[in-house]
Amino acid sequence: MHDDGARWLPKFLADSGYRHAMYTHQWTEVLIWRDTERWLGRGPDRDSALEDALTQMFPSAAARQLFDRFRDGLQEPARPQAAPPSAAVSPEVIPTAPPAAPEQPELPRSPIVGRIQLPTYPAAAVAEARETLEEILKDIQDMRPDFALMSPRYQKVYMLAWISRARSFDEQFQGEHKITVLVRRIAHELTNLSKTLWPGSVQALQMNAVPACVVTELGLKTLHAPKTWAEAHEFVQNHRERAMTSEVPVDDYGWADRPRKAPPGQPRALLREAQRAVEAIAGNVTDPPPRHLTTPPEELPNEQLDALVKHAQALRDIRRFIAAEDPETWGAVMGRLRWLAGRLGERLPQLRRWLDPEFIPPPERAKTGPSADQVRQQQAAVRAERDALVAADSFDDEALLAFLGRAFDAHNTPEVASLVQPIRPRIDALRPDLFEDRRMRRRLTGLQDVIKRGELGVLPSDSDSDLEEETDDVDDPGAHLVAQVRPKVEGKRVLFVSNREDPDLKSKLEESLGLDITWCDGNARKVQAQCESISRHSYDYVLIATGFQAHNIDGILARAARASAIPYVRVFKGRPLAVARALARTLGVASAA
């Protein structure tokens, strides 16, 4: 762009209601905006950056021609140079009439004068983009339990994939308000998740983020940094596996934990104890972290800090077992511990060590919580207390509340629902506000809902406890959830989409849930053929392992399933527990939470 144009452009934009800002480092960037419009130009200098932004604002040849003609009309005409003085001056001055000004041709009126016309897009393309953004929001919601169980690095990679894909649509459909609103909803949802799970700063969620930031976020190097959000999304997809590669073997969620037997004590009780300890220092884990700690980090007593380390150890132990019950609370407590570790600095290196996903817990260490025998004794004592209440002629609410507190410590909610059947009228009449602890109020509300729905659990016997202590199957922690889901899906025809063949997983899913599975390896041609089968209602469910699959395949299958009113279920990497949990959510089956 010429100097005249460079001086003229800001005034024209200001007259049209636009604002602009410039940033210069090793290159120059110009951001031009008005309402929901955003135009970003880059170049080695100011003129080049303005020219780049202008090219985006007026992409067609016709629009640019009108712009150039209008711009030329605004430039000042060149002033005539004064005639040099003559050597001989005539003493007589003859007045002459001033020459008539030449008639200026009327400039054509440009449609861009005073108002920039927003580009129009095909309605079908906008509708498809909105549908895809809605699917991203649905994917985020469906992934919350698995997302909470991931290591911080895995969480960040998934966040980058979601937000870069969303912003690529905002970039493609500039000025389309409904697209922009959906993209902002996705950014807001991910920002709230990052505040709860605390994977670390995610620059791509910031309003002024640029596509190239995904490279540093992934911890990678490249000679060709993405210049658009579409390129950024492609970069994340192509380098996702490399970004999640660890120096030590890790599981599907990015943790280097060895398979373990069930920890001594109830996982829910251990999680609740850790949550209480963390919230006493750093506030409610389901809310954003506080700006300031009630007690400054340097004033926290050593006993309280040592307890945090023990709770972190217990949380690592119970992760696999809490996955079927309350994974989101587990992730929130771990996230708040990560936030606390940052505030404590060098004061508590042991806490940072146990929060490091690549740290392998030692095979032998001091046990936390009660032993299996103690748990069985605790459950027996609760049953005896229940029997005593039933036998009593009358008992007050205070005694009932104390009994429920001990019952919740020894059993999960469906088991407590079975336990209190003989005194159900009294349970139904209890008001949650009688509990001082808000967590106990939530547990009582959940118990009353489970009783109303009739979803009673099976109380464990001594022989069941012995069997659980001996087994070491990775999928056993979700056995109770599988038992709840199987009667509702047994014999159903299921399309399972992954990125590769896995006969062992197929066999395990068919055996545990009683499904009739047709496997699809995610090949584009095979997916298209399966979409035709979906339209013919050949399946009762469509399951997709989104942890392995590209987003475009996910979108194609989601639209096909929705058009045929077939449940579409995202199952992360398709492990039996993740599948059971996703189906339970789809079917409205209550878990043991």
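Values reported hereafter were calculated over all heavy atoms of this structure, with side chains retained and with hydrogens, waters and symmetry mates removed.
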Enclosure of His537 NE2 (heavy-atom neighbours >12, cutoff 6.0 Å): yes
Just so I know, are the side chains of Val210 and Gln203 near enough to count as touching, which here means a heavy-atom distance under 4.5 Å? no
Arg38/Thr180 under side-chain contact (heavy atoms from CB on, under 4.5 Å): CA gap, chis, key distance, verdict: CA-CA 11 Å; Arg38 300 291 185 273; Thr180 301; over 6 Å; no
Let me confirm one number: the CG-CG distance from Leu300 to Leu308, rounded to the nearest 0.5 Å. 8.0 Å
I would like to know whether Phe235 and Thr222 meet side-chain contact (heavy atoms from CB on, under 4.5 Å); could you show each step before the answer? CA-CA 10 Å; Phe235 185 88; Thr222 180; 4.0 Å; yes
Counting only heavy atoms not in Arg347 (residues, nucleotides, ligands), do more than 12 fall under 6.0 Å from its CZ? yes
Step by step, work out the side-chain contact (heavy atoms from CB on, under 4.5 Å) result for Leu337 and Leu315. CA-CA 11 Å; Leu337 279 174; Leu315 290 170; 3.7 Å; yes
Please answer whether the main-chain N or O of Gln174 pairs with a side-chain N or O of Tyr121 as donor and acceptor at a distance below 3.5 Å. yes
Are Arg184 and Asp170 ion-paired here, with the side-chain N under 4.0 Å from a carboxylate O? no
Give a yes or no on whether the backbone of Asp142 and the side-chain of Arg585 come within a donor-acceptor separation of less than 3.5 Å. yes
How far does CG of Asn499 sit from CG of Asp521, to the nearest 0.5 angstrom? 8.5 Å
Please answer whether the main-chain N or O of Thr245 pairs with a side-chain N or O of Arg153 as donor and acceptor at a distance below 3.5 Å. yes
Does any part of the side chain of Val250, heavy atoms only, come nearer than 4.5 Å to the side chain of Ser151, both counted from C-beta? no
Aromatic Trp229 / basic Arg167 pairing, under 6.0 angstrom, 45° off normal: yes
Within the supplied structure, the quantity of interest is the number of heavy atoms (other residues, nucleotides, ligands) at a distance under 6.0 Å from Glu328 CD; does it exceed 12? yes
Are the side chains of Val202 and Leu190 in contact, using a 4.5 Å heavy-atom criterion? no
Between Val285 and Thr196, is there a side-chain heavy-atom distance shorter than 4.5 Å? no
Pick out which of Ile136, Thr132, Ile544 makes a side-chain contact (heavy atoms from CB on, under 4.5 Å) with Asp554. Ile544
Does the Trp33 side chain pair with the main chain of Leu40, one donor and one acceptor, at a distance under 3.5 Å? no
Lys573 NZ to Leu505 CG distance, which is reported to the nearest 0.5 Å: 12.5 Å
Point-to-point distance, once rounded to the nearest 0.5 Å, from CG of Asp139 to CZ of Phe147: 10.5 Å
Would you tell me whether Thr28 and Asp45 have side-chain atoms, one donor and one acceptor, within less than 3.5 Å of each other? no
side-chain contact (heavy atoms from CB on, under 4.5 Å) between Ile179 and Arg130: does it pass, once the steps are laid out? CA-CA 6 Å; Ile179 298 291; Arg130 291 175 59 190; 3.5 Å; yes
Ion pair Arg165/Glu135, N-O distance below 4.0 Å: no
Is the backbone N or O of Lys227 less than 3.5 Å from a side-chain atom of Glu231, with the two atoms forming a donor-acceptor pair by type? yes
Can Glu131 and Lys138 be counted as an ion pair, charged N to O under 4.0 angstrom? no
Any donor-acceptor pair under 3.5 Å linking the side chain of Arg336 with the backbone of Ala282? yes
Is the shortest side-chain N to carboxylate O distance from Arg319 to Asp251 below 4.0 Å? yes
Would you say Ser533's side chain and Ser538's backbone share a donor-acceptor pair under 3.5 angstrom? no
Are the side chain of Arg570 and the backbone of Thr546 linked by a donor-acceptor contact shorter than 3.5 Å? no
Do Gln530 and Tyr539 get their side chains close enough for a donor-acceptor pair, meaning under 3.5 Å? yes
Please work out whether the ring planes of Phe572 and Tyr158 are parallel, tilted or perpendicular, with thresholds of 30° and 60°. tilted
Neighbour count >12 (heavy atoms, 6.0 Å) for atom CD, Glu298: yes
Should Arg562 and Glu134 count as an ion pair when the cut-off is N to O under 4.0 Å? no
Nearest 0.5 angstrom please: Thr329 OG1 to Gln275 CD, how far? 5.5 Å
Under a 4.5 Å cut-off applied to non-hydrogen side-chain atoms, are Ile186 and Leu137 in contact? yes
Leu205 side, atom CG; Ser164 side, atom OG - distance, nearest 0.5 Å: 10.5 Å
